[in-house]
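The structure appears below as structure tokens.
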Amino acid sequence: MNQFAKLGTDIASLWAKYGGTYMGGIYRTLILATVGTAIGCLIGFLCGIVQTIPVYQNDSVIKKIILKIVKVILRIYVEVFRGTPMILQAVFIYYGLPYFSNNSIQFDGKWLVSIIVVSINTGAYMTESMRGGIISVDPGQTEGAMAIGMTHFQTMTSVVLPQAIRNIMPQIGNNFIINVKDTSVMFIIGFTDFFAVHKSVVGATFTYFPSAAIEMIGYLTMTLLASWLLHILEKKMDGKSDYELVAVDQLTLPAGVYHVGSGKSGKDLSSDERAVLQEEKARKTADKAIIAAERTADEDGKGVRRDGRT
Amino acid sequence: MAVHNGRAEFAAGTADAGDTIISVRHLSKKFGTHEVLKDIDFDVHKGDVTTVIGASGSGKSTLLRCINLLETPSSGQVLYHGDDVMGKDMNVPGYRSHVGMVFQSFNLFFNKNVLDNCMVGQIRVLKRPKEQAYEKALKYLGKVGMLPYIKAKPRQLSGGQKQRVAIARALAMDPEVLLFDEPTSALDPEMVGEVLDVMSDLAREGMTMIVVTHEMAFAKQVSSQVVYMSDGVICEQGRPEQIFGNPQNEKTKEFLARFLH
Ligand SMILES: Nc1ncnc2c1ncn2[C@@H]1O[C@H](COP(=O)(O)OP(=O)(O)OP(=O)(O)O)[C@@H](O)[C@H]1O
Ligand SMILES: [Mg+2]
């Protein structure tokens with residue numbers, strides 16, 4: 001039991017001296033993960049949308065070719081950045097760009113490279129998520145939208161994307177949490193995130209375990225908080241699970257609406273109107289009766305009426 | 001059958017006016033090597049209610065989908081007021097906004113409530129001001145008896161209610177023609193009636209419709225023209241009393257015998 005007490009006092013004294021340093025690490029980790037995830041999502045949304053642009057038979061050849069090329073390039077981007085470690089990507093870009101440009105492109109801050117690397121890495125994953133999210137929206141709704149004359153762009157913005165984004169919210173959360181943890185690899189180019197703080201602190205104090213405990217608590221706090229916020233956001237996006245029935249007489253009905261229970265009562269009508277309405281009503285009833293009778297007759301028949309349909 | 005004759009006379013009157021909205025000419029559709037539609041020809045005049053009947057797999061849905069270009073025909077033409085809808089200068093989304101479609105599986109927008117389902121097309125495609133779109137949506141939702149549900153999301157509705165909203169959504173675009181692809185086939189039996197009622201009302205008001213259906217009573221009662229399809233060809237077409245009362249083609253006779261004893 002007194003081991004715990006000892007750990008408590010060790011942590012307290014460590015925090016008293018290096019609290020600000022740890023907080024600085026948390027701050028940098030959070031900013032990098034947040035900005036990287038946000039830009040990554042944006043990249044992923046755009047690439048995912050492009051990946052799912054349909055090609056129609058009667059599109060021009062030029063459009064078909066350009067689209068094909070762009071889709072291949074995006075495919076390569078996704079495979080390369082998903083298929084290599086982020087730590088290596090960081091090195092590759094941090095040292096690679098100056099190398100190839102004879103030092104005319106240099107990075108003076110670690111921030112820029114770190115954000116670029118995290119963003120394009122997240123973007124590669126989100127491209128695939130977004131593509132999946134778009135494909136998973138029931139194609140019937142796309143047809144419904146096209147059938148009322150919406151263009152592909154209108155269909156996407158009004159119908160498909162809101163549902164696709166809602167569907168991939170859990171993946172966005174996943175990516176954020178992964179980024180909070182995995183941005184620690186940016187130490188390779190000298191970015192001092194939360195984990196790098198641990199290394200520099202223990203280098204001076206040799207209090208490995210108490211510092212690791214602080215790190216554990218710190219990371220868990222960040223990720224739990226993120227999960228919780230995301231959960232709230234998802235709930236908000238889903239809206240209410242029930243709905244109110246609207247009382248018809250509270251709506252301002254446009255002229256010409258005759259709805260059962262909301263129409264004019266007989267005494268407000270002129271005799272002509274009344275005659276027309278009555279005739280109408282009689283015809284409706286007669287029609288309905290005939291249709292209903294024949295439907296029952298069909299059903300009573302041999303029970304074959306419903307055969308042969310899908 | 002006085003009601004029936006009244007409808008038929010009405011339709012005949014308008015058809016004679018020669019106001020052709022859609023003409024299908026030598027239409028054929030292949031999926032790979034499978035020829036699903038072969039040399040289809042027919043006209044739809046203003047006010048016509050054309051019902052398309054036929055066995056499963058005979059190409060009825062494909063025909064409707066070719067008319068509003070959800071499928072691209074392999075050859076032949078679909079003419080809209082005489083213009084080839086596959087022509088170079090045809091604005092396809094614009095054309096589709098004049099030709100509404102009601103699907104077997106409703107295809108409502110799940111991210112929008114009932115009211116927004118009926119408004120979004122008006123606002124984005126027809127560029128109507130919001131107030132006008134709202135009024136139109138209410139008008140047609142009232143017509144199909146769905147006013148109390150304007151705040152509900154599609155997943156909160158029954159099948160019959162969904163289909164009535166889908167009809168209101170199509171009507172709110174003020175289409176010239178409405179295509180129905182087996183609008184009651186996915187419904188529980190007790191909900192079929194409510195949807196057929198709405199469709200009968202539309203027919204009576206002079207709405208031009210092409211209806212693929214297995215509801216023979218409805219076809220007999222409401223249509224002005226019946227098209228019987230078998231294996232991708234139109235075997236027989238004519239007035240309902242002719243097709244149902246005195247079919248000429250052997251295949252039509254056989255098909256109808258299965259339905260009407
Ligand atoms: N996208 C497609 N690709 C390949 N074949 C298809 C496609 N759509 C339809 N078919 C084929 O075309 C034929 C006609 O199908 P269609 O859906 O038009 O029939 P239907 O008359 O509507 O039948 P049902 O009454 O069952 O709805 C069928 O043999 C079907 O397998
Ligand atoms: Mg079908």
Atom [atom1] of [X]: over 12 foreign heavy atoms under 6.0 Å:
{"X": "B/Lys127", "atom1": "NZ", "answer": "yes"}
{"X": "B/Asp231", "atom1": "CG", "answer": "no"}
{"X": "A/Phe153", "atom1": "CZ", "answer": "no"}
{"X": "A/Glu234", "atom1": "CD", "answer": "yes"}

For residues 109-121 of chain B against chain A, heavy atoms under 4.5 Å, the residues are B/Phe109, B/Phe110, B/Asn111, B/Lys112, B/Val120, B/Gly121
Taking a cut-off of under 4.5 angstrom between non-hydrogen atoms, the residues of residues 157-167 of chain B near chain A are none
d(A/Ile148 CD1, B/Met101 CE) to nearest 0.5 Å is 13.5 Å
Taken to the nearest 0.5 Å, the spacing of B/Asn107 CG from A/Glu143 CD works out to 6.5 Å
Chain A heavy atoms under 4.5 Å from [X]: which part of the residue, side chain, backbone, both or neither?
{"X": "B/Arg65", "value": "side chain"}
{"X": "B/Leu108", "value": "backbone"}
{"X": "B/Val99", "value": "backbone"}

All heavy atoms of A/Tyr243 vs all of B/Gln156, minimum pair found to be CD2-OE1, 3.2 Å
Between A/Ala147 and B/Phe103 the two heavy atoms that sit nearest each other are CB-CZ, 3.8 Å
Okay, A/Thr142 and chain B: the region with an atom under 4.5 Å from a heavy atom over there is neither
Checking heavy-atom separations under 4.5 Å from chain B, one finds in residues 62-74 of chain A none
Contact list (residues 162-180 of chain A to chain B, heavy-atom gap under 4.5 Å, by number) returns A/Pro162, A/Gln163
When you measure from the side chain of A/Gln154 to the backbone N and O of B/Arg124, does any donor-acceptor pair fall under 3.5 Å? yes
